Participant: 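Take this structure first; my questions come after.
Predicted, not measured: the structure shown is a model, and the values here were computed from it. Atom set for the values below is all heavy atoms of this structure, side chains included, hydrogens, waters and symmetry mates excluded. Throughout, a chain's letter reflects where its sequence line sits, starting with A, and its residues are numbered from 1.
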Amino acid sequence: MTALADTLELQNISKRYGSTVALAGASLIARPGALHVLLGENGAGKTTLLRVASGLTTADAGSIIHRGHAVRWQTRAAALNAGISIVQQHFSLVPAMTVAENVALADRGMLARFSMASAAAHVRHLCAEVGLDLDPGATVGTLSVSAQQRVEIVKTIAHGAPVLILDEPTAVLSPSEAESLFEWLRGFAAMGHTVIAITHRIREAMRFADSITVLRGGKTVFASDGPFTDDRPLLEAILGESRGLDDRMVEVPSTPGSGSGRDIDGVAVSLAGVSVTDGNGVPRLRDVNCSIRAGAIVGVAGVEGAGQRELLRVIAGRLVPTAGSVVHDRQAGFVPEDRQREAVIPEFSLTENFALRGSGARRGLIRWSVIASETKAAMQRADVRAASAESAAQTLSGGNQQRFVFARETVGAPRVIVAENPTRGLDVRAAAEMVRRLRDARDAGAAIVVYSSDVHELVALADRALVCFGGAVREVAVSAEAIGSALVGAS
Amino acid sequence: MTVADGFLEATVRSATPLAFAALGELIAERSGVINIGLEGSIALGAFVALLATAAFGPATGLVAGGLAGAAIALVFATFVVTLRAQQVLAGTAVSLLGLGLAAALHRISMIGPDAVSQVVTIPVVTIPVFSQIPLVGPALFAQPLTTYALYLLFPTAWFFLYRTVGGVVVRATGENPEAAHASGHSPDAVRFGAVVVGGFFAGIGGATLVVAQVGTFSDGMSAGRGFIAIAIVALGRWHPGGVAVGALVFGAVSALQFLAQSLGWSVPYNLLLAFPYLLTLIAMAAFGGVQASPAALGRDGATRR
Amino acid sequence: MSSQRRVAQLSTPLFAVGGAIAVAATIITLAGLDAGAALRAAVDGAFGDSFAVLSATLKRMTPLLMLGIAVAVAFRAGVLNIGAEGQFLAGATAATAVALRLPGRFGPLVFLAALAAGAIAGAGWAAIAAWLRRRYLVTEVVSTLLLNFVALNLVGFLIRGPLQEPTGAYPQSSTIPDVGKLPLLFAEHRLHLGFLIALATALGTWWVLKFTAAGFRLRATGASPDAARSAGQIPVERVQAMALVASGAIAGLAGASELTGVTHALYEGISPGYGYTAIGVALLGGLHPGGIVIAAIFFGALGAGADAMQREAAVPAEFASVVAAIVILCVLAVPGLMARFTSGGRAGSAT
């Protein structure tokens, strides 16, 4: 309809969070009547770009052109008024309220009359108009995830926002649900709306998108209109060429294959029929069977919410599965991704943080002088730079914290070491060193399980590869292509 | 008047200040703020009502009491909503603040020749036809006007919470402030408003003690009603209707105490007084302590703006 | 960063106390009274002579110190125990029953048994809340608060029933026999053995938190339940339940000490809200046993000084509650204020 009117253009957007560069000159053009898909690995900057577009955050540099004018949303409300709506990955719904009430939440006027009947009629009207199926009187908390997502979409478009942005809408959906969502999005765009969606599913993107933009390392590396027939340019754009990786690994000769260290006595961890259901009743892992041998590095891959988080915690003995049996090492070391929350207590000293390991089973007194010297020894071994062992953990840089955690979790040479994105947030040198330490531990006979969102890192590091998809775990060949296609659910 | 009539009348009379306070707590809690400081609003509301009634009459007294309660709640909201102080701990402090201020200012006001110690309470207004209803008629329809105000306020509160957009927003803020924020509302503003309005009602609750019941102020006259309000709201499952019933339950228990005394029964009425608290605990355990309460209740640091 | 934090830690209580006294003085002046005279009277009444220090300030400090430690033990584990008041009453009640019923020939064993009974009763009272929390997910904030009123009414029942003094004229228990009373520390002053017990409790708590595995688990659980669970493999829920019970035991001990050391009989007003003031003591002391000793001295002096202020300067003693309230609010507001004045960088990435 209003062809140029609702074109949204993002030009050379840059954004940093502290010392982390999220975007470094990313661009995107979205026109009305078309479905735009944004692809890229975890951490490529997709979500940040869409947060900038929808006013949830402001860019450090770059410009936003909307309806032919340069704009700069300072608040979410400003973008909302301009007609930009966003469906975030984590729904902002009220589970205890009905669908109609959730949709009415976007209404204005505190004393304006709210009636269940007219709110329900409004929802029914919206659903009919855009072709979605919802029961306005249902309590949101009782709905399936895909129905909740429809609520979020209806709520978002209730006030006629012409631009609809969706952050990984298919991450929580089954393949068939994802397909019907994409079909609907395409139809919705065809009504003259501007639609931008992030996804990990390359196949669906190719099938349904009118145009595709790929981000890598915070930059736009691919932008083209369809039709799309060949997935190779897309995979290449998403995963990048191997050059960068080789630079990183230059100091550490790659030694894949079986470990050659001390005696290896077979299986270190085995999972049989393991399933995990989270607190909200959502299944996270379904019937996983696998065994992991000592002296090998097992790489784990998976997109957000595919079950790798739970798999790693079950292997590390940090999560008791809902069903199935696990044989694991009680002393297993665990290096979680969110160090500040799960690995260290920021305001505690390094010595105290060191004492944290195994403290659940400790008895009697703590001899701090002994622990302090163990801490110092470990810090020396792992080259942790801190003023002293009595410094608070929060005073350390990210790389030093990570070295500290790794050193702590490998004290006493545990048979199993689980590491979640161990190089995330580290500079090239620190990342290479972390990789070397993982290999050393492997060569010393430990079973190493590493999750990384960087497929190339996994390929360089792993002796075996496990890929999580929708809660199922599958072993694939250790190659970027095999892992890449398993990640998006292709067989 | 029969014993039963007297008991029922005392039930409604005792329930009136509790119902005002519980209504205030309900509004605050539905927005996600647990206000343990209402005790302070009640105490200061009662004291200010005494002075204002003596000077300007009972209507002004009630409003002034409400405003004093709102002022204490304003302090609470500033610390809890704006400065993100821990709700429960700030609430206990605000209780101390209101109780201390009321007692201290009362003592100061008693100095000098024109000190006010007593005001005339507002009369009971008997509603002709309704008060003839057997059993409940006299109890419900031969009360001071402040009690009748509640007959309007509770349905109004229900209407606001469930039949206006503002009510949907308040409830959503108590359940999931991020959702309210995502829809363009300010959880902080909603909570601030709900707390202050809640304090206003608690202040009126304190004022009714003076203006409609005893006609004077004494230290400790709030007698834990701010804390009882929290129990009533939990017992009433965070719903206006349930809260009204909860207020009557607690009112009935204190009426039983008067009844026992007047009849010379040797029942251990202290055990009766403990009963509604136990009932509230049992209700919370039986219905799953977390399920009926607003999901974000007591959670600090909601999304900014 | 670390030294900045230390400065903040040390300046917070001073800022809170100074601000609270300034606000109270302003209100007193606005009310047409002499704030300067009031302050002088208060300081004199709290620290003026050995009687002020030993019979007023330190005597008042004793229950506040123990209760402050009790509250802090729970808070350090991340459990909001608002029920120190009820646990205190449970302890005082149990101590009364034991001191009245044990035969005098047991000598000092009587007061020791009374103290032990108080600690056990306080622990038991807190255990109800711990059990409701673990078994039924009832938040301890509300359950401990409600149990305070149950305890208060139970005391009211007992002193009009099973524990009432024999004449039946007064709602209180008989005075406990001399063997049940805590020895006084100085012949002519009212300071009793409970004061030393309170100091020992503070010292013992510091030692347990610092040097035992259980104390370390408690601190780790409170500081970061996620890290405690993941990195420490600590059973967080169990640690929190145990912390609540331990907190109740200390509060019960405080009740027993106050009964056997000061009141010597049980009545309804035995605690003038000590359990709530203790929250202020714990917070002002930074939840650290050493800091709590100092905070308890301040609150003890505040109470003693307020009485003197009323006597000497005709300024109502209730201003002490106003000061206490403002102190608590100021301490609570500091993190929020600091977040406002330091860079807003975190707010952007937090959502």
Participant: Check salt bridge (Lys or Arg N to Asp or Glu O under 4.0 Å) between B/Arg225 and all other residues, then give those that pass, not counting sequence neighbours.
Facilitator: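 None.
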
Participant: Quick one: what part of B/Ile34 sits under 4.5 Å from any heavy atom of chain C, side chain, backbone, both or neither?
Facilitator: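 Interface part for B/Ile34: side chain.
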
Participant: Do you know which two heavy atoms are closest between B/Phe79 and C/Cys330, and how far apart they sit?
Facilitator: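 In terms of heavy atoms, the two residues are closest at CE2-N, 4.3 Å.
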
Participant: For C/Leu283, which atoms come within 4.5 Å of any heavy atom of chain B: side chain, backbone, both, or neither?
Facilitator: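 For C/Leu283, the side chain is the part near chain B, not the backbone.
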
Participant: What option among C/Gly161, C/Gly156, C/Ala24 has the most heavy-atom pairs under 4.5 Å with chain B?
Facilitator: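 If we count pairs closer than 4.5 Å to chain B, C/Gly156 comes out on top.
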
Participant: Under 4.5 Å between any side-chain heavy atoms of C/Glu318 and B/Leu99, yes or no?
Facilitator: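 Side-chain contact under 4.5 Å: no.
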
Participant: Suppose we screen for ring-ring contact (aromatic ring centres under 6.0 Å, His included). Which residues come up paired with B/Phe217, at least two apart in sequence or across chains?
Facilitator: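 Here the qualifying residues are B/Phe47, B/His106.
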
Participant: Could you name the residues of residues 274-281 of chain B that have a heavy atom within less than 4.5 Å of a heavy atom in chain C?
Facilitator: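 Near chain C, by residue number: B/Ala274, B/Tyr277, B/Leu278, B/Thr280, B/Leu281.
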
Participant: B/Leu83 vs C/Leu329, test: side-chain contact (heavy atoms from CB on, under 4.5 Å). Steps then yes/no.
Facilitator: CA-CA 10 Å; B/Leu83 293 172; C/Leu329 288 173; over 6 Å; no

Participant: Where on B/Ile230 is there a heavy atom nearer than 4.5 Å to chain C: the side chain, the backbone, both, or neither?
Facilitator: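 Side chain of B/Ile230 only, per the 4.5 Å heavy-atom cut-off to chain C.
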
Participant: What's the spacing between C/Leu152 CG and B/Asn270 CG if we round to 0.5 Å?
Facilitator: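 Those atoms lie 8.5 Å apart.
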
Participant: Can you tell me how far apart OG1 (B/Thr92) and CD (C/Glu85) are? Round to the nearest 0.5 Å.
Facilitator: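 One finds 11.5 Å between OG1 of B/Thr92 and CD of C/Glu85.
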
Participant: Could you tell me which portion of C/Ile27 (side chain, backbone, both or neither) has an atom closer than 4.5 angstrom to a non-hydrogen atom of chain B?
Facilitator: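 For C/Ile27, side-chain heavy atoms alone lie under 4.5 Å from chain B.
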
Participant: Supply the atom-to-atom distance C/Ile328 CD1 to B/Gln86 CD, rounded to the nearest 0.5 angstrom.
Facilitator: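 Atom-to-atom, C/Ile328:CD1 and B/Gln86:CD are 12.0 Å apart.
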
Participant: What pair of heavy atoms forms the shortest contact from B/Ala285 to C/Leu132, and how long is it?
Facilitator: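 Smallest heavy-atom distance, with atoms named: CB-CD2, 4.0 Å.
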
Participant: Go through the atoms of B/Ile228 and report whether side chain, backbone, both or neither lie under 4.5 Å from a heavy atom of chain C.
Facilitator: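 Answer is neither: B/Ile228 stays 4.5 Å or more from chain C.
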
Participant: Using every non-hydrogen atom in the two residues, find where B/Gly100 and C/Ser321 come nearest and quote the distance to one decimal.
Facilitator: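 Closest heavy-atom pair between B/Gly100 and C/Ser321: CA-CB, 3.9 Å.
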
Participant: Working to the nearest 0.5 angstrom, can you tell me the gap between B/Leu96 CG and C/Thr277 OG1?
Facilitator: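 Rounded to the nearest 0.5 Å, the CG-OG1 separation comes to 5.5 Å.
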
Participant: Mind checking the CG-CZ spacing from B/Leu273 to C/Phe157? Nearest 0.5 Å is all I need.
Facilitator: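 It comes to 12.5 Å.
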
Participant: In Å, rounded to the nearest 0.5 Å, how long is the span from CG of B/Leu89 to CG of C/Leu80?
Facilitator: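 It comes to 5.5 Å.
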
Participant: What donor-acceptor contacts under 3.5 angstrom involve side-chain atoms of residues 142-149 of chain C, with partners at least two apart or in another chain?
Facilitator:
unit_1	atom_1	unit_2	atom_2	d
C/Ser143	OG	C/Thr139	O	3.4
C/Ser143	OG	C/Glu140	O	3.4
C/Thr144	OG1	C/Ile82	N	3.2
C/Thr144	OG1	C/Glu140	O	2.6
C/Thr144	OG1	C/Val141	O	3.4
C/Asn148	OD1	C/Gly86	N	2.8
C/Asn148	ND2	C/Ile82	O	3.1
C/Asn148	ND2	C/Tyr276	OH	3.1

Participant: Does any heavy atom of chain B fall under 4.5 Å from the side chain of C/Leu158, the backbone, both, or neither of them?
Facilitator: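 Neither part.
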
Participant: Side chain, backbone, both or neither: which part of C/Ile326 has a non-hydrogen atom closer than 4.5 Å to chain B?
Facilitator: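 Just the side chain, heavy atoms under 4.5 Å.
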
Participant: Check whether any side-chain heavy atom of B/Ile108 lies under 4.5 Å from a side-chain heavy atom of C/Pro316, and answer yes or no.
Facilitator: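 Yes, at least one pair of side-chain atoms sits under 4.5 Å.
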
